[in-house]
> 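I'd like to ask you about the structure that follows.
Just so we're clear, the structure is a prediction, and the values are computed from it rather than from any experiment. Along the sequence shown, residues are numbered consecutively beginning with 1.
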Amino acid sequence: MTVKNEDMAVPEIVAQSLLKSSTVTIRDTLCQGTCKHPSNEECTNSTQLVFPYRGVYVRHVGDDQVVAETNQVLFFNEHEGYRISHPVSGGDASLTLVIGEALLRELSPKDLLNDTPALRFQRQCLRIDARTQALVALLRHSLREKIAEPLEAESLALTVVQRALGPRTTHQAGASVGRQRLVDRAKLVLASDLARRWTLSEIAAEVRVSPVYLTQVFQQVEGLPLYRYQLRMRLARSLDLLPRYDDLTELSLDLGFSSHSHFSAAFRQTYGHSPSEFRHLTQRR
């Protein structure tokens with residue numbers, strides 16, 4: 001499928017291969033996100049771990065749906081039908097990891113898998129921690145800039161998977177379908193304007209509940225406050241943008257932070273490095 005942009009045909013999806021070895025295949029996938037409503041059903045020919053790092057979309061499997069954004073890893077089970085919609089404009093980008101079944105079984109806790117002969121994850125997604133986000137960004141930047149040797153990239157990819165699936169770093173939301181859908185709507189509101197300094201009452205009005213109820217439900221479902229989730233989304237976006245900005249003050253303001261110092265302090269507290277230090281890691285020779 002292609003879309004028209006200034007009389008030029010632009011592919012709806014562009015996938016760039018960053019690494020292909022006997023251990024892991026890594027792809028950088030960009031989607032234009034032109035389809036606001038659920039697409040026709042499709043499936044993958046292999047089980048894939050998908051780490052969104054830019055934008056947002058919704059993945060539908062049967063009656064179940066999840067919001068795919070930078071705080072999640074998504075599981076695309078082999079031959080499992082799904083549909084995609086993009087309620088927020090701007091498209092999306094993800095880093096996709098494909099690992100052989102035997103190795104993936106070794107890395108995956110048994111309680112995440114179905115009890116079937118073929119490897120299948122029980123859930124559509126898990127929330128990942130800040131350290132995993134940073135490792136995903138480091139892996140992607142290192143491969144795109146052709147800095148990482150294959151052995152280093154393979155090792156880092158396995159570390160990403162192990163950490164993403166590890167019980168100490170993941171969060172499994174536990175709530176009714178109605179409460180999960182409410183939280184999903186709140187995430188889409190935040191993603192629609194990441195730099196905006198939303199107030200609680202504005203978000204609550206968008207999802208049509210009271211501020212108190214929204215605060216309580218979001219905390220219950222996601223395990224952290226709404227404001228902290230928004231901060232994680234902004235900081236994850238900065239991991240993608242850092243190599244493109246020479247002026248970190250400009251980046252800070254573009255992401256909605258009040259100042260460079262505010263952004264740097266939040267970045268260091270979350271990822272253990274300053275923005276400048278992390279950018280140096282992605283550009284090392």
Side-chain angles (χ1 to χ4, degrees), residues 1-5 10-15 28-42 50-61 63-76 82-96 124-128 133 136-137 140 173 177-209 214 217-218 221-222 224-241 244 251 253-257:
M1 177 180 179
T2 61
V3 295
K4 292 292 184 180
N5 182 12
V10 179
E12 174 71 5
I13 297 175
V14 176
D28 194 3
T29 304
L30 283 70
C31 179
Q32 296 290 330
T34 59
C35 185
K36 288 187 174 294
H37 303 291
S39 64
N40 294 329
E41 188 171 90
E42 53 190 304
V50 177
F51 295 85
Y53 66 83
R54 185 191 308 155
V56 63
Y57 62 91
V58 179
R59 183 173 185 260
H60 310 259
V61 177
D63 294 330
D64 186 30
Q65 68 177 47
V66 297
V67 174
E69 42 81 21
T70 54
N71 289 305
Q72 313 287 341
V73 56
L74 278 77
F75 306 117
F76 284 58
Y82 66 88
R83 296 175 296 150
I84 299 293
S85 62
H86 294 86
V88 176
S89 61
D92 63 84
S94 301
L95 192 72
T96 299
Q124 279 209 68
C125 68
L126 285 176
R127 200 177 80 222
I128 58 175
Q133 287 179 330
V136 169
R140 185 174 67 86
V177 172
R179 291 190 170 197
Q180 182 64 64
R181 294 289 172 87
L182 170 61
V183 168
D184 287 347
R185 294 201 304 273
K187 291 179 183 179
L188 292 174
V189 170
L190 293 175
S192 69
D193 192 349
L194 206 54
R196 177 172 170 175
R197 297 181 184 178
W198 292 94
T199 66
L200 182 59
S201 61
E202 288 172 339
I203 301 172
E206 290 284 341
V207 298
R208 300 182 181 181
V209 297
L214 175 60
V217 171
F218 200 96
V221 174
E222 290 299 331
L224 77 168
L226 181 61
Y227 77 88
R228 179 66 62 179
Y229 206 93
Q230 181 196 36
L231 177 63
R232 286 277 303 275
M233 292 176 76
R234 284 177 171 174
L235 291 172
R237 180 67 173 133
S238 76
L239 292 172
D240 175 36
L241 293 175
R244 308 183 205 174
L251 173 59
L253 298 178
D254 285 351
L255 288 173
F257 291 93

> May I ask you to test the Leu126-Phe75 pair for a side-chain heavy-atom distance under 4.5 Å?
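A side-chain contact under 4.5 Å exists here.
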> Can you list the residues that meet the salt bridge (charged side-chain N to carboxylate O under 4.0 Å, His left out) rule with Glu206, with sequence neighbours excluded?
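Applying salt bridge (charged side-chain N to carboxylate O under 4.0 Å, His left out) to Glu206 gives none.
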> Minimum heavy-atom separation for Leu30 to Ala93, with atom names?
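The answer is CG-CB, 4.1 Å.
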> To the nearest 0.5 Å, what is the distance between CD on Gln230 and CG on Leu194?
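The distance works out to 7.0 Å.
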> Do Asp63 and Val177 touch side chain to side chain, with heavy atoms closer than 4.5 Å?
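In short, these two side chains do not touch, never coming nearer than 4.5 Å.
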> Do Leu235 and Phe257 come within less than 4.5 Å of each other through their side chains, counting heavy atoms only?
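Yes; the side chains approach each other to less than 4.5 Å.
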> Just verifying a value: how many Å separate Leu74 CG and Cys125 SG, rounded to the nearest 0.5 Å?
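If I round to the nearest 0.5 Å, the distance is 5.5 Å.
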> Within a strict 4.5 Å, meaning less than it, do heavy atoms of the Cys35 and Ile84 side chains meet?
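Cys35 does not reach Ile84 side chain to side chain.
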> Measure the CD-CD distance between Gln72 and Gln133 for me, rounded to the nearest 0.5 Å.
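Here the rounded value is 9.5 Å.
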> Against the six-membered ring of Phe218, is Arg228 placed for a cation-pi contact (under 6.0 Å from the centre, within 45° of the normal)?
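Cation-pi check for Arg228 and Phe218: fails.
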> Is any side-chain heavy atom of Glu69 closer than 4.5 Å to a side-chain heavy atom of Asp92?
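They are not in contact (no side-chain heavy atoms under 4.5 Å apart), so the answer is no.
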> Who pairs with Arg54 by side-chain hydrogen bond (donor to acceptor under 3.5 Å, both in side chains), at least two apart in sequence or on another chain?
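side-chain hydrogen bond (donor to acceptor under 3.5 Å, both in side chains) check on Arg54 returns Asp240.
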> Which distance, rounded to the nearest 0.5 Å, do you find between the CZ of Arg234 and the CG of Leu239?
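Going from the CZ atom of Arg234 to the CG atom of Leu239 covers 15.0 Å.
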> Can you name the nearest heavy-atom pair linking Ala195 to Asp254, along with the distance?
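Scanning both residues, the minimum pair turns out to be CB-O, 3.1 Å.
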> For the residue pair Ser85 and Pro38, what are the closest heavy atoms and their distance?
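Residues Ser85 and Pro38, closest heavy atoms: CB-N, 3.6 Å.
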> Take the angle between the ring planes of His86 and Tyr57 and call it parallel below 30°, perpendicular above 60°, tilted in between.
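Correct class here is tilted.
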> Quick one: CD1 on Ile203 to CG on Leu226, what's the gap to the nearest 0.5 Å?
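Atom-to-atom, Ile203:CD1 and Leu226:CG are 4.5 Å apart.
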> Kindly indicate whether the side chain of His60, heavy atoms from C-beta on, has any atom under 4.5 Å from the side chain of Tyr82.
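Of all side-chain heavy-atom pairs linking Tyr82 with His60, none is under 4.5 Å.
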> Going from CG on Leu214 to OG on Ser201, what distance comes out if it is rounded to the nearest 0.5 angstrom?
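Here the interatomic distance stands at 10.5 Å.
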> Are any of the side-chain heavy atoms of Phe51 and Ile128 separated by less than 4.5 Å?
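Yes. Closest side-chain heavy atoms under 4.5 Å.
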> The test is side-chain contact (heavy atoms from CB on, under 4.5 Å); show your working for Gln65 and Gln180 and say whether it passes.
CA-CA 9 Å; Gln65 68 177 47; Gln180 182 64 64; over 6 Å; no
> Do Gln124 and Asp64 have side chains that get closer than 4.5 Å, going by heavy atoms?
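Yes; the side chains approach each other to less than 4.5 Å.
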> Given the rule in the side-chain contact (heavy atoms from CB on, under 4.5 Å) test, do Asn71 and Met233 qualify, once you have shown the distances and angles that lead to the verdict?
CA-CA 7 Å; Asn71 289 305; Met233 292 176 76; 3.4 Å; yes
> Evaluate whether atom CZ of Arg244 has more than 12 neighbouring non-hydrogen atoms of other residues, nucleotides or ligands under 6.0 angstrom away.
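Enclosed.
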> Ignoring hydrogens, what is the shortest heavy-atom contact between Val88 and Leu188? Give both atom names and the distance.
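In this case the closest contact between Val88 and Leu188 is CG2-O, 3.7 Å.
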